[in-house]
Amino acid sequence: MRPVLMKGHERPLTFLKYNRDGDLLFSCAKDHTPTVWYASNGDRLGTYRGHNGALWSCDVSCHSTRLITGSADQTAKLWDVQTGRELFTFRFVAPARSVDFAIGDHLAVITTDSFMGKTPTAQVKRIAEDLQDQTEESALVISGITGRINRAVWGPGNRTIITAGEDATIRIWDSETGKLLKESDKEAGHQKAISSLSKSLDWSHFLTGSLDKSAKLWDARTLTLIKTYVTELPVNAVDMSPTLDNVVIGGGQDAMNVTMTDRRAGKFEAKFFHKILQEEIGGVKGHFGPINALAFNPDGKRLFHITFFSSGGEDGYVRLHHFDPEYFNIKM
């Protein structure tokens, strides 16, 4: 479980995303610069320069040709993955937070925060194959949600959009009409802000993490609660193994509340739970700050990756962890 430390960001990490083949890892941080790494050895491949604010999330197209990023500078940008060239900029009247490509990469959903009297939105943008045809026009705007939308992702078959955020409610929307279809039950659902959301590879279910110190597994079509995983600290990041019945949960607390003299310094932990039995089966210790992003390699055969950030002026690192199933007595 020895980590490979990947130094490339000067500010806390915010988000991690693999490409579909699992050979590239994209990272976002508050230092304005998305970065791409080789997933096999942690070498930095390049950066994407053009944002002027903190980066909150990113997504990469199916064939790893385009990257989309959302930033506090009130823009979302399309990039050429190979060359790092900025292809197009979507401008908003508020910070852009969550970005997610639809199946086929012809659509993307982008969320905007509340700002200067503007309410949060989830907006669908058409992604043109020919950049000369690309426009900033929104195909759909979903509004009326109270509190920041921390994550918005496409549901099965691009038929729905799933949103979650500060109001602790998960919502499923019709992706064509914007009609609200389902809301999570207030008693069975999260009781505090939802910080993270991760889909399964087949998009049939998804995992949410919350500041209420729990993670929950949901059916993506019916919004039925399937499982709940309870921990001792607020959850900032979650992910699911593509091959094993495991979920991983990370967090700690807001960076602004952490000092290097905290009694738990060095003990911020990514915890593994059995997906079905809901039992904690292991963990990775040693972090000196809250874990803010987690990602399993999608092919399930390479490496398990954890990104964490440290407070108190500590630089942000991407940490590569070799995930040995024997460590948890797991049979592959």
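Side-chain atoms are counted along with the backbone in the values below, which use heavy atoms only and exclude waters and symmetry mates. This is a predicted model, so every value here is computed, not measured.
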By side chain to side chain contact (heavy atoms under 4.5 Å, CB included) - contacts of Thr83 (at least two apart):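 Expected list: Asp80, Arg85.
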Side chain to side chain contact (heavy atoms under 4.5 Å, CB included) against Lys118, all qualifying residues, sequence neighbours excluded: Val93
Heavy-atom neighbours of Glu176 CD exceed 12 at 6.0 Å: no
Side-chain ion pair, Glu129 and Arg126, N-O less than 4.0 Å: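 Salt bridge absent between Glu129 and Arg126.
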From CA spacing to verdict: side chain to side chain donor-acceptor pair (under 3.5 Å), Thr228, Lys216: CA-CA 4 Å; Thr228 298; Lys216 293 178 181 289; 3.2 Å; yes
Any side-chain donor near an acceptor of the partner, [X] and [Y], under 3.5 Å:
X: Arg171; Y: Thr163; answer: no
X: Asp31; Y: Thr33; answer: no
X: Ser27; Y: Trp37; answer: yes

Straight-line distance of Asn246 CG to Met240 CE, nearest 0.5 Å: 12.0 Å
Check: Asn236 and Ile291 side chains under 4.5 Å, non-hydrogen atoms: no
Under 3.5 Å: donor-acceptor pair, side chain of Thr75, backbone of Lys77: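 Checked: no pair found.
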Side-chain donor or acceptor of Asp100 paired with backbone N/O of Val153 under 3.5 Å: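 No, because the side chain of Asp100 does not come within donor-acceptor range (under 3.5 Å) of the backbone of Val153.
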Whether Trp218 and Phe206 hold their rings parallel, tilted or perpendicular, with breakpoints at 30° and 60°: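 The rings of Trp218 and Phe206 lie parallel, inter-plane angle below 30°.
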